[in-house]
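I have placed the structure first, in the form of structure tokens, so that the comments after it can refer back to it.
When a ligand or atom number is given, it counts from 1 through the structure's own listing order.
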Amino acid sequence: MKSITIIGTGYVGLVTGTCFADLGNRVTCLDIDEEKVARLRRGDLPIFEPGLEELVERNVAAGRLSFTASYAEAVPDADFCFIAVPTPSGPEGEADLGYVRAAASALAPHLKDGAIIVNKSTVPIGTADRVDHIVERQLPAERKGISFGVVSNPEFLREGAAVADFMKPDRVVLGAVRRSDAEQVAELYASLKCPVLITDPRTAEMIKYASNAFLATKISFINEVASICERLGADVRLVAEGMGRDARIGRAFLDAGLGWGGSCFPKDVKALTHMAAMSGCHPQLLRTVIEINKDQRLKVIQKLQDALGTLDGQTVALLGLAFKPNTDDLREAPALDIAHLLLSEGVQLRAYDPVAMEGARRVLPDVTFASDAYDCVAGADAAVVITDWNEFKQLDLGRVRRSMARPVLVDGRNIYEPAVARAAGFLYYPIGRGSSEPVK
Ligand SMILES: NC(=O)c1ccc[n+]([C@@H]2O[C@H](COP(=O)([O-])OP(=O)(O)OC[C@H]3O[C@@H](n4cnc5c(N)ncnc54)[C@H](O)[C@@H]3O)[C@@H](O)[C@H]2O)c1
């Protein structure tokens, strides 16, 4: 049993800490947000993540998992201190390292001899060195000379499937100056029996950015193909199917839609672009990937204008708000961009999401929130599918159509069969499905 402290108890920190506790370690999750810590101590999870609540309960009950807001309490006994704090975008698109610096400075005075600091936050290339310097500088005089390691261990979990992703990772990446430090961290993952790649710290940091940038590129690529399909009369869903069967390409991340969002892709692609530009490269592909993504939000507005004419005074129902299903995360969600664009056109907005409405009320004060999908679309001039929650796939389209003022359905996630939606009486606007009638 190892003693682990997780600094930052958000989506990554809480999942990582809870899962390490479940693997038999003694874990303290630390957060500077005292209200969050108080909620966690009451067993009230501040985030929605499938399967996490039971896991937290079980490990707290077993005495392996606890929560604190105190570095003095959490760090002195820790063999490993994982840093899982935010790295948001700064004004020029750079990753803001303020939270990481603050965490490194705060843990240093309490660090025990031989401890390993693990960077789990997504951090710019060179951050492991910076953390090493910060900690070295902040060690109190009487503890100068203690030995500690810094290992870069980027996280690849997906919100909505985070627990499963932690327990069954495709790979664990560990970047370290001393191989033995990486091997100690690898031991923590040993029971998961997954591939472990040990690299230097800069390469590990780059693997995370390159992975996210590649996935975002795949989505922007298929969205550009979708626009071409729409013009030339091809069906992007079948194009993706046909491409995806090629083992060199793969089907994942080839769903045309409203573009990528969430807490990672937008800031990580921007940060990599910024790092590239600052180091004298010309990141033209990455810039275009961002540009295509921005345009994708506008597709909804254009389709609504095609269907309704002027948008001023029309009522539009947004089905889904979270940036993807199975999460309540609204950070950089397409819904927010689309809502702001529609509100600026004078649209009356109604919205419904199965789990993201609490957060949405805070950021979208001018939107009316509905109690379910049917309530959301009642009386609306158009409905727009924003998030592909399963419950929207099961809607009775006839009932939806009958309750709306006008029969306009923009399917931003291609969740319906065009023939079915049209048979229900809708003017149906999917993304990139130019020849969307079945072959006779
Ligand atoms: N969310 C994801 O799906 C995901 C996936 C992979 C990697 N990441 C990366 O992991 C990092 C964390 O992301 P997240 O989504 O978990 O963030 P989050 O905002 O959900 O949680 C971060 C937590 O850190 C706390 N915090 C901030 N400064 C602190 C400090 N000095 N000491 C202690 N706690 C502090 C905050 O109060 C917050 O609770 C980011 O770098 C992100 O890019 C996120």
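Those atoms of ligand 1 that come under 4.0 Å of a heavy atom in Lys267, given as number and element, are 42 (C), 43 (O). Within ligand 1, counting atoms from 1 as listed, the ones closer than 4.0 Å to a heavy atom of Lys36 are 38 (C), 39 (O). Atoms of ligand 1 lying under 4.0 Å from any heavy atom of Lys208, numbered from 1 in the order shown and given with element: 6 (C).
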For Leu65 and Arg58: C-alpha separation, side-chain torsions, deciding distance, then whether side chain to side chain contact (heavy atoms under 4.5 Å, CB included) applies. CA-CA 9 Å; Leu65 179 62; Arg58 184 162 83 217; over 6 Å; no
Stepwise, does the salt bridge (charged side-chain N to carboxylate O under 4.0 Å, His left out) test hold for Asp200 with Arg202? CA-CA 6 Å; Asp200 62 279; Arg202 285 173 179 255; over 6 Å; no
As a quick check of understanding, evaluate salt bridge (charged side-chain N to carboxylate O under 4.0 Å, His left out) for Arg350 and Asp375, giving each step before the final call. CA-CA 9 Å; Arg350 299 173 58 78; Asp375 177 36; 3.5 Å; yes
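Only side-chain heavy atoms of Arg331 come within less than 4.0 Å of ligand 1; its backbone N, CA, C and O stay farther off. Both the backbone and the side chain of Ser121 come within 4.0 Å of ligand 1, judged by heavy-atom distances.
What sits closest to atom 23 (C) of ligand 1 on the protein, heavy atoms only, is Asp31 OD2, 3.6 Å. Atom 21 (O) of ligand 1 has Gly10 CA, 3.1 Å as its closest protein atom, hydrogens excluded (heavy atom only). Gly8 CA, 3.3 Å is the protein heavy atom nearest to atom 24 (O) of ligand 1. In terms of protein heavy atoms, atom 13 (O) of ligand 1 is closest to Val12 CG2, 4.1 Å. In terms of protein heavy-atom proximity, atom 6 (C) of ligand 1 is closest to Glu155 O, 3.3 Å.
The closest approach between any non-hydrogen atom of Tyr71 and ligand 1 is below 4.0 Å. Ligand 1 lies out of reach of Ala106, whose nearest heavy atom is not under 4.0 Å from it.
The shortest side-chain heavy-atom distance between Ser147 and Asp113 falls under the 4.5 Å cut-off. Leu330 has its side chain out of reach of Leu364: every pair of non-hydrogen atoms, C-beta onward, lies at least 4.5 Å apart.
No donor-acceptor pair closer than 3.5 Å links the side chain of Arg64 to the backbone N or O of Asp22. Between the side chain of Glu159 and the main chain of Tyr11, no donor-acceptor pair closer than 3.5 Å is present.
Here atom 2 (C) of ligand 1 lies nearest to Glu159 when heavy atoms of Glu159, Arg158, Arg101 are compared. Closest heavy-atom approach to atom 22 (C) of ligand 1 within the set Pro86, Ala74, Cys264: this belongs to Pro86. Evaluated by nearest non-hydrogen atom to atom 9 (C) of ligand 1, the leading choice among Ile32, Ile7, Thr122, Val123 is Thr122. Considering only non-hydrogen atoms, atom 12 (C) of ligand 1 lies nearest to Val85 out of Thr87, Leu107, Val85.
The neighbour count for Lys393 NZ, taken as heavy atoms of other residues, nucleotides or ligands under 6.0 Å away, is above 12.
When ring centroids are compared, Phe82 and Phe20 come within the 6.0 Å threshold.
Note: His110 and Tyr71 have parallel aromatic rings, judged against thresholds of 30 and 60 degrees for the angle between ring planes.
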